[in-house]
Amino acid sequence: MNFNASRNVSLSGGPRKAKRVSDVSAMGAPSPVPQYSPSPMYNPGYAPAGPPPPYQEGIQLDQGQDFSSSEPAGNFAYSSGFVPTPMASPAQIGNFLQQPVVQNMALEYGNQLAAQGRDVVQRELGRYVPVSRLRYYFAVDTRYVIRKLLLIIFPYTHKDWLVKYDQEAPVQPRYDINAPDLYIPSMGYVTYVLLAGFMLGLQHRFSPEQIGIQASSALAYIIFEMILYLVTLYITNTTTKLKTLDLLAYSGYKYIIMIGSILGGLMLGKTGYYCSLVYSSFALSYFLVNTLRLQLLSGSQAPEQPSYGYPADYASPNPYADNWSKPSRGGAKRRVYFLLFVAITQPLLSWWLTYHLIPTPLVAPLPTPAR
């Protein structure tokens, strides 16, 4: 259809009104709208859901399921793309272990295991045996041992009996002759057992059982002695600075006079034995009295109590004053009695453990008178 612009111009010269076209066919048919259809690439994979099934009571099981079917057997065969790694030969392993890096790593790991094991043993042993305290009592040298033996045998010329302290801990025995030790008592115990066996052999009474009897009896008596001392302190309610190992050390010094008495009896018989026993008993008692006196009679530390509600340092203007109080009259008596008890029991036990080892002199039979 041709468009003519002159048709819209009226004869009167004005614009002519356009005529509405009512015939659709005159304008041409519109292009049809394509109908929607799913893409051929889209595949839902399942059938469209229908209406829901009617309600039924109970649980409906699918009859097509087979619960008794077993799982398929696994295929442990190598796949086509897997190639097993060959095992290393012993020579290669030996060369690997001989490398310095591997040896250093193994040595370091072994040191760590040894350190951990040592810590575990020390921790478990420390629950029952005070290992750290025992180190103090065995910290001795040759000079200390000689001086201590001379002090026990000849204590009359010694003047200073005070035990030295480093801050709050006592000084080791190698630096202080007045400090108690366990080296001399332990060596004295072993020497006493060997010397007792020698004396029994001279009297034709030696046997392995006799050695065991002498060793066990000496050990049992010193344990009984320690229990007796501790029970006495507990019953009398006596507080001292002495520890259990201190009492054990002072009780073990009696082996020195026991050895000296046996040697005197070996050389001079019964007379030499009793002379040596009497002198060494007085020496040991003098040594114990002077050593234990300072530790037993020093008293306990006085508790700090404020006076009339004021601070504790208000009542004592001198902050450097000695705060160790003297024991009461009853406590001092108990300490003196305990000191005398220790000084007397040591010579008695020494005599009890040694008198049967001295040979009795043979008495010649008297001649019968002639008839």
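Because the structure is predicted, anything quoted here is derived from the model rather than measured.
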Checklist entry - Does OH in Tyr165 sit with more than 12 non-hydrogen atoms of other residues, nucleotides or ligands closer than 6.0 Å? => result yes
Item to check | Step-by-step side-chain contact (heavy atoms from CB on, under 4.5 Å) determination, Lys254 to Ile222 | outcome: CA-CA 10 Å; Lys254 66 176 175 291; Ile222 196 170; 4.0 Å; yes
Checklist entry - Quick one: do Leu149 and Leu182 end up in the same hydrophobic cluster if we chain Ile, Leu, Val, Met, Phe, Trp and Tyr together by side-chain heavy atoms under 4.5 Å apart? => result yes
Checklist entry - Any donor-acceptor pair under 3.5 Å linking the side chain of Tyr355 with the backbone of Tyr274? => result no
Next on the checklist: Starting from Leu194, can I reach Tyr192 by hopping between I/L/V/M/F/W/Y residues whose side chains sit under 4.5 Å apart?
Outcome noted: yes
Item to check | Working for side chain to side chain donor-acceptor pair (under 3.5 Å), residues Tyr144 and Asp181 | outcome: CA-CA 10 Å; Tyr144 166 82; Asp181 71 284; 2.7 Å; yes
Item to check | Leu107 vs Asn111, side-chain contact (heavy atoms from CB on, under 4.5 Å): CA-CA, chis, key distance, verdict | outcome: CA-CA 6 Å; Leu107 182 60; Asn111 292 334; 3.9 Å; yes
Next on the checklist: Could you go through Leu263 and Leu195, starting from their C-alpha distance and side-chain angles, then the distance that decides it, and tell me whether this counts as side-chain contact (heavy atoms from CB on, under 4.5 Å)?
Outcome noted: CA-CA 9 Å; Leu263 293 177; Leu195 189 59; 4.1 Å; yes
Checklist entry - Between atom CG of Leu277 and atom CZ of Phe282, what is the distance when rounded to the nearest 0.5 Å? => result 10.5 Å
Item to check | Within the 6.0 Å centroid threshold, strictly below: Tyr137 and Tyr183 | outcome: no
Checklist entry - What are the two closest non-hydrogen atoms of Pro185 and Tyr255, and how far apart are they? => result O-CD1, 3.7 Å
Checklist entry - Under the criterion side chain to side chain contact (heavy atoms under 4.5 Å, CB included), which of Val342, Leu284, Leu242 is the partner of Tyr250? => result Leu242
Checklist entry - Within the side chain of Arg205, is there an N or O that forms a donor-acceptor pair under 3.5 Å with the backbone of Leu200? => result no
Next on the checklist: Under 4.5 Å between side-chain heavy atoms, counting indirect links through other Ile/Leu/Val/Met/Phe/Trp/Tyr residues: same cluster for Ile344 and Ile152 or not?
Outcome noted: no
Item to check | Whether Ser285 side chain and Ala343 backbone form a donor-acceptor pair below 3.5 Å | outcome: yes
Checklist entry - Out of curiosity, does Ile153 fall in the hydrophobic cluster containing Val278 (side-chain heavy atoms, cut-off under 4.5 Å, transitive links)? => result yes
Checklist outcome for this item: Nearest heavy-atom contact between Asp160 and Asn178 is O-ND2, 3.0 Å
Checklist outcome for this item: Closest heavy-atom pair, Ser186 versus Phe138, reported as atoms and distance to 0.1 Å, is OG-CE2, 3.9 Å
Checklist entry - Taking everything shown except Met105 itself, do over 12 heavy atoms lie less than 6.0 Å from its CE? => result no
Next on the checklist: Can you give me the closest heavy-atom contact between Met199 and Ile262, atom names plus distance?
Outcome noted: CG-CG2, 3.6 Å
Checklist entry - Which of parallel (below 30°), tilted (30 to 60°) and perpendicular (above 60°) describes Tyr156 and Tyr286? => result tilted
Checklist outcome for this item: Residue set satisfying ring pair (Phe, Tyr, Trp, His ring centres under 6.0 Å) with Phe338, at least two apart, ordered chain then number -> Tyr229
Checklist outcome for this item: For Gln346 and Ser251, the nearest pair of non-hydrogen atoms, with its separation, is OE1-O, 3.2 Å
Checklist entry - Above 12 or not: heavy atoms from other molecules or residues under 6.0 Å from CD of Glu108? => result no
Item to check | Distance, nearest 0.5 Å, that separates CE of Met258 from OH of Tyr189 | outcome: 10.0 Å
Next on the checklist: Evaluate Ser281 against Ile257 for side-chain contact (heavy atoms from CB on, under 4.5 Å), listing each step before the verdict.
Outcome noted: CA-CA 7 Å; Ser281 297; Ile257 67 172; 4.3 Å; yes
Checklist entry - Who passes side-chain hydrogen bond (donor to acceptor under 3.5 Å, both in side chains) against Thr354, sequence neighbours left out? => result Tyr273
Checklist entry - Heavy-atom distance under 4.5 Å between the side chains of Val163 and Leu294, does that happen here? => result no
Next on the checklist: Looking at Asp246 and Ala249, would you say the former's side chain and the latter's main chain have a donor-acceptor pair under 3.5 Å?
Outcome noted: no
Next on the checklist: Could you work out, with side-chain hydrogen bond (donor to acceptor under 3.5 Å, both in side chains) as the rule, every residue matching Tyr221, not counting sequence neighbours?
Outcome noted: Trp352
Checklist entry - Are any side-chain N or O atoms of Asp176 and backbone N or O atoms of Val171, one a donor and one an acceptor, separated by less than 3.5 Å? => result no
Checklist entry - Going by atom types only, do Asn290 and His158 share a side-chain donor-acceptor pair under 3.5 Å? => result no
Checklist entry - Would you find a donor on one side and an acceptor on the other, under 3.5 Å apart, between the side chain of Lys148 and the backbone of Ile177? => result yes
Item to check | Gap between atom CH2 of Trp351 and atom CG of Leu349 - 0.5 Å precision | outcome: 10.5 Å
Checklist outcome for this item: Output for pair (Leu230 CG, Thr244 OG1), nearest 0.5 Å, gives 5.0 Å
Item to check | Nearest heavy-atom neighbours spanning Pro180 and Pro173 | outcome: O-CG, 3.6 Å
Checklist entry - Taking side chain as C-beta onward, heavy atoms only, is Phe198 less than 4.5 Å from Leu357? => result no
Item to check | Under 3.5 Å donor-acceptor, Ser217 side chain and Gln214 backbone | outcome: yes
Item to check | Value rounded to 0.5 Å, distance of CG in Leu247 from CG in Leu228 | outcome: 11.0 Å
Item to check | Distance, nearest 0.5 Å, that separates OG of Ser216 from CD1 of Ile223 | outcome: 10.5 Å
Item to check | ILVMFWY network linking Leu162 to Val289, side-chain heavy atoms under 4.5 angstrom | outcome: yes
